[in-house]
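If you read the sequence from its start, that first residue is 1, and numbering goes on from there.
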Amino acid sequence: MTALGVQAQKLLAQRRPRRSFFEPSIRALIILCASLAVVLSSLSICDGHWLLADDRLFGLWHFCTTSNQAELHCLRDLRQAHVPGLASGMAVARSMATLAVVVAIFGLELLMVSQVSEDAHSWHKWAVGSALFLLASILSFGGLLSFLTLLRNEVTLMGLSLTFWSEFTASFLFFLNAISGLHINSISRTDSVTYPWGLPAKF
């Protein structure tokens, strides 16, 4: 390597960008919020009871009825609800919601791995993880929209259960974490003239 090359490499090393104190904190906060969203969505889907209409309780997995304030009588055959297209449509809704959680788990794993092993490909892992969360938000919102469309004649604002709003909150957090993750990754990538995380490039 020539003397000019050595001097240029030293100059790059001296001028390489350093990660600010706030960037790791923001990334950790994104991971924490993403974990919370995965937990919320998982609990909401496992419970599955999203809508109470009069004496009927509609869910992703069951259809329940009550009589004279007695305990719930639940059926797995959603055709018993006598709502057109409910059985097939609910299969689509729960498939989209469940797939959203699976995609989000893979995205969360990539976000965590990118922070544990900070190498030249960490920015790429973070970007892919954020993109997976964006996909998870689309799938989750699709599941919610399918549920509301199927039961549009039964839906009331007060009839929507806490687990439904938990899924709605999780969907919003999926989207928010995806956009935040992609944004902070683009900022750190743009500001850096070397490899990500301040690793100097080979001259």
Side-chain angles (χ1 to χ4, degrees), residues 30-113 127-182:
I30 290 175
I31 292 175
L32 180 61
C33 292
S35 303
L36 177 61
V38 170
V39 172
L40 279 176
S41 185
S42 300
L43 292 176
S44 177
I45 294 171
C46 289
D47 179 79
H49 296 140
W50 285 4
L51 176 65
L52 178 63
D54 296 329
D55 60 343
R56 297 185 296 175
L57 182 62
F58 295 94
L60 294 176
W61 312 98
H62 302 92
F63 164 70
C64 303
T65 58
T66 59
S67 58
N68 298 326
Q69 302 301 324
E71 64 181 51
L72 290 175
H73 176 63
C74 296
L75 300 171
R76 292 187 62 89
D77 187 3
L78 298 179
R79 289 173 296 183
Q80 299 297 324
H82 303 294
V83 176
L86 183 63
S88 57
M90 200 62 71
V92 174
R94 61 173 171 257
S95 297
M96 294 181 70
T98 304
L99 185 59
V101 175
V102 175
V103 171
I105 290 174
F106 280 107
L108 179 61
E109 182 179 359
L110 284 174
L111 294 186
M112 297 175 67
V113 169
V128 173
S130 299
L132 287 178
F133 268 99
L134 185 59
L135 176 59
S137 70
I138 296 174
L139 290 171
S140 184
F141 276 120
L144 290 171
L145 185 61
S146 299
F147 182 86
L148 295 175
T149 302
L150 289 169
L151 298 170
R152 58 187 177 276
N153 296 326
E154 308 289 340
V155 171
T156 60
L157 186 61
M158 299 301 297
L160 296 173
S161 67
L162 181 61
T163 51
F164 174 87
W165 292 113
S166 296
E167 179 66 16
F168 180 83
T169 303
S171 303
F172 179 74
L173 286 176
F174 286 156
F175 177 77
L176 184 62
N177 290 321
I179 297 301
S180 300
L182 292 172

Closest non-hydrogen atom pair, Leu182 against Ala131: CD2-N, 4.4 Å
Check: Trp61 side chain, Ile45 main-chain N or O, donor-acceptor pair, under 3.5 Å: yes
Atom of Gly142, atom of Met96 and distance for their closest heavy-atom approach: CA-CE, 3.5 Å
Verdict with reasoning, Phe141 to Leu145, per side-chain contact (heavy atoms from CB on, under 4.5 Å): CA-CA 6 Å; Phe141 276 120; Leu145 185 61; over 6 Å; no
Heavy-atom side-chain proximity of Asp55 to Thr65 below 4.5 angstrom: no
Trace of the side-chain contact (heavy atoms from CB on, under 4.5 Å) decision for Trp50 with Thr163: CA-CA 6 Å; Trp50 285 4; Thr163 51; 3.4 Å; yes
Closest contact, heavy atoms only, Gly85 versus Leu150: O-CD2, 3.6 Å
Ser41 OG to Leu139 CG distance, which is reported to the nearest 0.5 Å: 10.5 Å
Euclidean distance, Leu132 CG relative to Ile105 CD1, rounded to 0.5 Å: 12.0 Å
Polar side-chain atom of Ser140 near backbone of Ala136 as donor-acceptor pair, under 3.5 Å: no
Side chains of Ile138 and Phe175 in contact at under 4.5 Å (non-hydrogen atoms): no
Point-to-point distance, once rounded to the nearest 0.5 Å, from CD of Glu154 to CG of Leu52: 11.0 Å
Side-chain touch Ser130/Asn177, heavy atoms, less than 4.5 angstrom: no
For the student: nearest non-hydrogen atoms of Leu40 and Ala170, plus distance: CB-CB, 4.1 Å
side-chain contact (heavy atoms from CB on, under 4.5 Å) between Phe174 and Leu135, intermediate numbers included: CA-CA 9 Å; Phe174 286 156; Leu135 176 59; over 6 Å; no
Spacing of Cys33 atom SG and Ile30 atom CD1 [to the nearest 0.5 Å]: 8.0 Å
Straight-line distance of Asn153 CG to Thr156 OG1, nearest 0.5 Å: 12.0 Å
Residue from Ser44, Ser171, Ser42, Ser161 passing side-chain contact (heavy atoms from CB on, under 4.5 Å) with Ser166: Ser44
Donor-acceptor pair, side chain of Ser95 and main chain of Ala91, under 3.5 angstrom: yes
Closest non-hydrogen atom pair between Val38 and Val101, with its separation: CG1-CG1, 4.5 Å
Student check: side-chain heavy atoms of Leu57 and Phe63 closer than 4.5 Å: no
Spacing of Phe147 atom CZ and Leu51 atom CG [to the nearest 0.5 Å]: 5.0 Å
Note, Phe164 side chain near Leu144 side chain (heavy atom, < 4.5 Å): yes
Closest non-hydrogen atom pair between Leu60 and Arg94, with its separation: O-NH1, 2.6 Å
Leu160 side chain near Phe168 side chain, heavy-atom distance below 4.5 Å: no
Minimum side-chain heavy-atom gap Val83-Phe58 below 4.5 Å: yes
Flag side-chain contact, heavy atom, 4.5 Å: Leu86 against Leu151: yes
Donor-acceptor under 3.5 Å (Asp54 side chain, Arg56 main chain): no
